[in-house]
Structures are given as C-alpha cells and as structure tokens.
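Down below is the structure, laid out as structure tokens.
Values below: every heavy atom of this structure, side chains too, minus hydrogens, waters and symmetry copies. Remember, it's a predicted structure, so these values are computed and weren't measured experimentally. Numbered from 1 within each chain, the chains take letters A, B, ... in sequence-line order.
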Amino acid sequence: MHYKAPRGTKDILPSETWRWQAVEHKFREVCRLAGFGEIRTPTFEETELFTRSIGEVTDVVSKEMYSFQDRSGRDLTLRPEGTAPVVRAWVENNIGAHGLPSKLFYIGSMYRYERPQAGRYRQFDQFGLEAIGSDDPTLDAEVIALTARFLEQTGAAPFAIRLNSVGTVDSRTLYVEALKGSVEPYLQKLCGSCQTRYEKNPLRMLDCKNPECRALTENVPRLQDYLDEESALHFQRVREALDALGLSYEIDPRLVRGFDYYTRTAFEFTDQALGAQDAICGGGRYDNLVEEIGGPATPAVGMAMGVERLLTVLDSRSAKIGVRPHPVVFVVRLGEKAQVPGLALAARLQELGVPAEMDYGGKSMKAQMKRADKSGARLALLLGDDELASGQVSARDLIAQHQWRLPLQNCAEMIQDYLSTSESGEIEAA
RNA sequence: GCGGGUGUAGCUCAGUCGGUUAGAGCGCCAGGUUGUGGCCCUGGAGGCCGGGAGUUCAAGUCUCCUCACUCGCCCCA
C-alpha cells in the first residue's frame, strides 16, 4: 500500500458517517430553535488574521499553523480555529446591520500541526457558536445552556461545566503582575514548563497539573480579587442566570483559556472518558476581538466543540443517536428474466421513498437471502420464473416469517401500504 | 517539539530458544436439495509479518534507522 492518509488525518467511512450526520443534524436543530444561523467561511484565511487575533506567542500561532504562500505570494493559513474567520466575515459583510446581537453557528474542519494523540488530530472538526454584538450576561448563559442542551440531547451527559472569569485586559494585566511578583521567590522550584510560562503566559501557571506547582501556587493571589467591578458583576450575573436555568457548574479560578482574545467569561465542558484531552468544548467572551480585527468595538461570546471528542464521549456512553441506514425491502432476483423487472421494482420502491436494495451478479437464492437478512431489511421480495409467469411477487416478512403473494403490477404501492399500516412492533409480537 | 508502548489476513490477536510450506477466531466467498435468511457442518480466497538496512548458514523473531498508530508532556476541541 503506497498512499496513506497524512499523519493526524483519517477517513470517515460510511459505517460511521451516519453518526456524524446525526450529531450535525442535532446541532443544527438546537441552533435553529435558538435563532442561530449557519455561517460558512473559507477553509483558509490571510495568515495575519490568526496571528493578530489568537496571539503571536500562543502555541497555535507559533508552531501549529498550516501556513503557505499561494502562487501570487499571498500568505495564507488553513484555519486553526473558527472564531476569527467568523468575526472577519461579520465585519466584512456588515452582518451587524441586521440587528444585534448576530447569532451565528458553524460546522467545519480546523487544522493544527500538532503531535496526534487520543482526541487530537491535525485535521479535526468543530461545531461553534458565536454571538456578536452584546455583552449581556444572559447571552453568555444562553450560549452555555445551548451547549449543555445539545450535549444532553445527543446523550453525552453527564459532563462537567467549569466556569471562570478572566476579567478585562486591564484587570488581567494588573493581576499578571501581582501573580509574577508572588511566584518570583520560588520560581526555581517550579517545573520547567511553569518557568517558561512565567515568561510567556503566566496565567497558565495556574492550570499546571504538576502537584508540586499546585502546592507552590496554592496561596498565590486570586484572579477574582483583581477583577474590575464591572467584570465581577458580569460574572455574578452569568452565574445567576445559569442557576436560574438549573445548570450545575463548578467555579474554577484556575481555568484559563489558550487564546489571547478571551475576556471575562471563560468556560469548558469536560468529560473523563476523554483522557488527557478532556475538554469536549471550550468558549467564552472576546470583547476586544472585533475591534482588533478592524471592526467597531463590539463585545461577543462564543463556544467551540470538538466533534471527534464528542463522538468519543458518545461511544463511551453507548449513546443512541441516529440510525444506521439500512434497506427496508430487499429484492431477490432469480434467473436471467427477473433481472430487469427486479431492478424496476426496486427503483419504484425508491421513488416511493422506501429504501430498497438488491444483490448483483446472479447469485444463488440462498446467498441473496443471506444478504437480505444481514442487510437488516424487513421484507424480501422474491422475483423468479414462477412470479413472472403468474404476474405476482412473493413477499416475505423476514421478521414475522410469513410469506404471501401480491400482484407485480402495483406491488411497490402495496408494499408501501403494508409498511405504513403494520408497525414493526406488532410484527415482532406476531 | 520531548518521553513510553505497539505494528503479523478486512477485524481482534497467537506465533516457543532465531529453524522448513506463517496460524486461530470473526468476517468474506462457495457448497451441504431443485427457489427460501438467522443455527450448524465442509471447503476456499485472502499476508512484502509497516518500510529500509544490518547480524546470521538461517530473521515474523535479534540490532539500528524510518514511518504509522497509541499513551503521556506541552498545548488545545
């Protein structure tokens, strides 16, 4: 075998695409009910859109982007995340003119050059929500509640919601100074990555999993104490809204998000089934991003969910979502003369909306019946010399195990009738 | 980018101290009555033993390199 799917990518085969379709369908439905409209943006964007919005020093920008020049020398990048492109499209198309906030959702593949691992791929898929144009805390709560509802309806529950506020840029700057000052005396005792974080991204020291670092940072100043009054009040309002909705969550003062553009509300939905990559989705507010990208100062809040991770969780729950496609009727053709009439019969059934299949290559009846059985079809329609001579078709209910004859003439219509009037439950009982 | 583990049939895996034609279960195909599925029985197809180099009379087996997968670190969905 010479060619393989590139590292970190994979084929999604018919045996599982139906599950993808099912969760996509459910996500669209939940979004529709809440007034979110689908937006589809290009797979690649100008590189600068991402370097500016996500932050130059973040891992994603500094070492994970699929960047290239096109034949005209334009610097382009396969999108590593969905928010910046949506905001760009929002500004470019003046979507806000239709009234604020603009409530948008997207479904699409993202690309990051990372070491593949459980729940982490170089091409992966996200469902995302973006609500642009309001800083109303109930909007934050709605985004979180919508996400929770979607996860519940797909069967992903139970999951944990972690919540925090990272404040405004100003309050965060103050806090980072205080944090660094507090940590400085025992900087040498921290793990190697925390020493790097101290320089590059001090907030992430709070999120370190190393127990020793945890202990050392135990009594460090709390971000919440440095929140400006407005952010603190906003955070409280978000919590009150979530409480009123009956959503349980856990305040995690150490929760920090990886992209620079986040402000105030930050949240994550996690599940233990995912191992090290335990976040199903993450999100929060990004009140400065629209302006940074060149639009008017506009607050916004959003969420992004990893579809592969969601499916992993659903697997671990044995969640029942969607139905694996299978024929309802299987046409068994016996002999040369039955080939075309059998094809026509299957075609007629398909036209009527009845999933119908056949076997090919003139196999034995036994082989065809086996295939019919395995296909999950409920009915087998037998068409051979006898039937052609008498103008009749033999129908066999593979579940109820009874067989009868019906005229070939309007066979498809009668079968459709039979299927709609007899519930499968009754058949199984009979 | 850094560490550990694993690569044998479509799938899940055996394969002894290095030794002759590389195995099982499931799946697939065909048969066991001539036109009737599930259970059972018989037979068959299907392997560059991930790839490359080396050691050896001899490598699926030992060594090195490489690629992929996998678990973790970093980070993130």
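Separating the CG atom of Asp278(A) from the C1' atom of rC73(B) is a distance of 15 Å, rounded to the nearest angstrom.
No contact: Glu81(A) has no heavy atom under 4.0 Å from any strand. Using a 4.0 Å heavy-atom criterion, one finds that Gly119(A) contacts the bases of the nucleic acid, with or without backbone contacts as well. Among the atoms of the strands shown, base atoms are found under 4.0 Å from some heavy atom of Gln117(A). Contacts of Arg112(A) with the nucleic acid, taken as non-hydrogen atoms under 4.0 Å apart, include base atoms. Nucleic acid contact for Gln123(A): none, since no nucleic acid atom lies under 4.0 Å from a heavy atom of the residue.
In this model, no side-chain donor or acceptor of Lys4(A) finds a partner on the base of rG50(B) within 3.5 Å. Judged by atom type and distance alone, Arg371(A) does not reach the base of rC29(B) through any side-chain donor-acceptor pair under 3.5 Å. If you check distances only, the side chain of Arg197(A) never reaches the base of rC74(B) with a donor-acceptor pair under 3.5 Å. Contact annotation: side chain of Arg7(A) to base of rC69(B), donor-acceptor pair absent below 3.5 Å. For rG35(B), the base has no donor-acceptor partner in the side chain of Arg396(A) [N/O atoms by modelled type, under 3.5 angstrom].
When the nucleotides rC76(B), rG37(B), rG35(B) are ranked by their closest atom to the side chain of Glu387(A), rG35(B) comes out on top. Distance from the side chain of Asp59(A) is smallest to rC75(B) among rC75(B), rA77(B), rG35(B). Listed nucleotides rG32(B), rC29(B), rG1(B) differ in distance to Lys366(A); the shortest reach to its side chain belongs to rG32(B). In this structure, the nucleotide among rG3(B), rA77(B), rG35(B) sitting nearest to the side chain of Arg115(A) is rG3(B).
rU21(B) sits 15 Å from rA58(B) when the P atoms are compared, rounded to a whole Å.
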